[in-house]
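Single-structure report; data block below.
Order of the sequence lines fixes the chain letters, A, B, ..., with proteins taken first and strands second; residue numbering starts at 1 for each chain. In what follows, every heavy atom counts, from backbone to side chain, and hydrogens, waters and symmetry copies are set aside. Quick caveat: nothing in here was measured; it's all calculated off a predicted structure.
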Amino acid sequence: MNSPFSFLKHRLAKEIALILLIKLTLLMGIKALWFDAPTVPKDGTVEMSQRLLGATPASLKLEETPR
Amino acid sequence: MISEEVVDLSRLQFAMTALYHFIFIPLTLGLAFLLAIMETVYVMTGQQVYKDMTKFWGKLFGINFALGVTTGLTMEFQFGTNWAYYSHYVGDIFGAPLAIEGLMAFFLESTFIGLFFFGWERLTKKQHLAVTWLVALGSNMSALWILIANGWMQNPVGAEFNFETMRMELTDFGALLLNPVAQVKFVHTVAAGYVTGSVFVLAISSYYLLKKRDVGFARRSFAIASAFGLASVLSVIVLGDESGYEVGDVQKAKLAAIEAEWHTEEAPASFTLFGFPNQETMRTDYAVKIPFVMGIIATRSLDKQVIGIHDLIDQHEGRIRNGMVAYSLLEKLRGGEKTPENIAAFNDVKKDLGYGLLLKKYSPDVVSATDVQIKEAAKSTIPHVAPIFWSFRIMVASGVIMLILFACAFYAVARRNEHRKTWLLKFALFSLPLPWIAGQTGWIVAESGRQPWSIGEMLPTHLSASSISTGDVWGSLIALIVFYSGLLVIEMYLMIRFARLGPSSLHTGRYHFEKETKTELPVVPDTATPIITA
C-alpha cells in the first residue's frame with residue numbers, strides 16, 4: 001500500500017517542497033530580523049484621537065502596548 | 001490642521017499608481033487562463049503548435065507579469081507613507097487580506113511561474129500542465145484577496161469601531177471574506193481580465209493573419225481567444241449587472257452618481273443613456289432616457305424606487321446630525337467619562353460617527369457646527385457626478401463593442417473563414433485598447449464613486465491622509481510618474497518587439513522569420529479538419 005507521502009518520491013514534489021522551504025526560511029529570517037514584535041506606532045491611539053477629535057484627553061496619554 | 005492639498009495629491013498619487021498597475025494586471029489574469037487552455041489542448045492532442053502557442057504567449061505573459069509586480073509594490077507602501085491614519089484606523093482588518101495576498105503571491109504564484117518558464121524540459125507534459133493551471137489559479141487567488149480588501153473599503157462589514165483603541169476591529173472574518181460587494185467585484189474584475197487576455201491574443205493573431213504569416217499558429221490562437229473571449233465578455237456583462245445591483249443596495253450615492261439621478265423618480269426609474277450632468281444646477285442637460293431600464297437593473301423590480309441625489313443629501317443630513325451626537329459621546333468617553341450610560345448611548349449612534357467626522361472639514365468644532373456647515377457636509381456626501389457618469393458609459397460602450405467583436409470572431413471561426421475576413425481582422429487589431437479603456441474607466445467609477453469616504457460611511461478620505469508636507473508628496477508623485485512611465489515604455493518596447501517577431505522568437509525553426517529553416521505550419525484547410533482537434 002502506498003504511504004500518504006509517497007508523492008514526495010517524485011522529483012517535482014521534492015523540488016517544489018525545497019523551493020517552498022527556502023521561501024519559508026527567508027520569510028522567517030525577515031520576520032526575525034525586522035518584525036520580532038508588532039509594530040505599534042508610538043502614541044498611536046492618542047494621535048488617532050487627536051486626528052479625529054482634535055484634542056488630547058489627558059486621561060489617555062499612555063503609550064499603547066503591543067497586542 | 002489637515003492640508004487639503006496633501007489629501008488631494010495623495011489621492012492623485014494612489015489613483016495614478018493604481019491605474020498604472022491595472023494596465024498590467026488584467027492581462028496577467030486573462031493570459032494565464034489562455035495559456036492553461038492552450039497547454040491543455042497540447043497535452044490532449046499532442047500537436048506541437050499548441051506547445052509553441054503556450055510558450056510564445058507565455059513569453060508575453062512573463063514580460064507583463066514582471067512589470068505588473070513592480071508597479072503593485074509601491075501601492076502597498078503608500079498605505080503607510082501617505083495614508084498613515086487610514087492604516088492605523090483600519091489596518092487590523094485591511095492588513096489581513098493584503099498579507100494573505102502577499103503570501104499567496106509569494107508561495108503559490110511566483111513558485112509556479114518559475115516552474116512554468118524553466119520546467120519545460122524538466123517536467124512531464126502533465127506535470128507542466130498542472131503547473132500552468134496553478135499559475136492561473138494563483139494569479140486569480142491573489143486578485144481575490146486584493147478585491148476582498150477593496151470590497152471592504154466599499155462595504156465595511158464584519159468590523160466595529162472600538163473607542164478604547166480608536167480603531168476599527170474585526171468581529172467576523174467570515175463576513176469580511178463573503179462580503180457580497182467583494183465577491184461580485186472579484187468575479188467582475190477577473191472576467192474583465194479574461195476579456196483583456198482574449199482581446200490581446202485576438203488582436204495580435206489578427207495582425208499575423210493580415211500579414212499572412214504564421215497562419216496556422218495565428219488561426220489556432222484566434223480560435224481559442226474568440227471562444228474564451230465570448231464566454232468572458234458575456235460573463236462580464238452579467239456580473240457587471242450584478243455589481244450594479246449590489247451598488248444600488250449598499251452605495252446609493254455611487255449609483256445615483258452613475259445615473260445622474262438628481263431626483264427620485266417614479267418606479268421603475270429610467271436610464272439616462274446620454275446627457276451632460278451639471279452638479280451646480282443639479283440637472284442633466286440634453287438627457288436622453290430609456291424608460292424603466294435603471295429601475296429594473298438597480299432594484300430587480302418594477303415597484304422599488306432608486307433614490308435620487310436630493311433625497312440622499314436629506315438622508316445624509318440626518319445622519320450627520322446623528323454623527324454629531326456620536327462625536328460628542330466619543331469625546332466624553334475619551335475624556336474619561338466611561339459610564340455604562342455613555343457607552344450604551346455611543347454604541348447606539350456609532351454607526352453614524354463617520355458622518356459626524358465629515359464635519360471636520362467644515363467646522364473646527366464638530367459638536368457646535370452650524371446648519372450651513374451641516375448642509376455643506378451633507379452635499380459633500382455626493383461624489384463628482386460628471387466623471388463617474390461618463391466613465392461608466394465609456395466602460396459600457398467598450399464592453400458592447402467587444403461583445404460584437406467576439407460574436408463576429410466566434411461566428412467566423414465556426415465558419416472557418418476568419419483569416420479571409422480582412423474587416424474582422426482589422427476590427428480585432430484596432431480593438432486592442434478597448435479592454436484597458438473599459439478597465440480604467442471601471443476603476444474610476446468604483447473609486448471616485450466611493451468618495452468622500454476612504455472606508456464607506458466610516459472614515460472620510462480627508463481624515464485618512466498622513467501628516468506630511470506637500471513637498472514630500474510632490475517628490476514621490478513625480479518620482480513614481482517617471483519610474484512608472486519608464487516601466488510602461490519598457491513594457492511597450494518588449495511587447496511590440498516580441499509580438500512583431502511572433503512565434504519566430506521561440507527559435508524552433510518552424511516560423512516566419514527563421515528563413516533558413518523555414519517550414520511554415522500548413523494552413524488548416526477551410527472546410528476540412530477543424531482547427532482544434534480535441
Interface moiety of B:Leu115 toward chain A, non-hydrogen atoms closer than 4.5 Å:
side chain
Between A:Leu52 and B:Tyr89, the two heavy atoms sitting closest are CD1-CE1, 3.6 Å
What is the distance from atom OG1 of A:Thr45 to atom NE2 of B:His88, rounded to the nearest 0.5 Å?
4.5 Å
Part of B:Leu330 lying under 4.5 Å from any heavy atom of chain A:
both
Between atom OG of B:Ser467 and atom CD of A:Gln50, what is the distance when rounded to the nearest 0.5 Å?
9.5 Å
Identify which part of B:Ser110 has an atom lying under 4.5 Å from any heavy atom of chain A, answering side chain, backbone, both or neither.
both
Are the side chain of B:Arg334 and the backbone of A:Ser49 linked by a donor-acceptor contact shorter than 3.5 Å?
no
Which region of A:Ile19, side chain (C-beta onward) or backbone (N, CA, C, O), has a non-hydrogen atom less than 4.5 Å from a non-hydrogen atom of chain B, or is it both or neither?
side chain
Option that, when pairs with chain A are counted at under 4.5 Å, heavy atom only, ranks first among B:Asp365, B:Leu103, B:Thr111
B:Thr111
How long is the straight-line distance from CD of B:Glu331 back to CG of A:Leu53, given to the nearest 0.5 Å?
5.5 Å
Against chain B, label A:Leu27 side chain, backbone, both or neither, depending on which of its atoms sit under 4.5 Å from a heavy atom there.
side chain
Let me confirm one number: the OG-CE distance from B:Ser87 to A:Met48, rounded to the nearest 0.5 Å.
10.0 Å
Does atom CZ of B:Phe173 have more than 12 heavy-atom neighbours from other groups under 6.0 Å away?
yes
Tell me, side chain or backbone of B:His462 under 4.5 Å from chain A's heavy atoms, or both, or neither?
backbone
Side-chain touch A:Glu47/B:Tyr85, heavy atoms, less than 4.5 angstrom:
yes
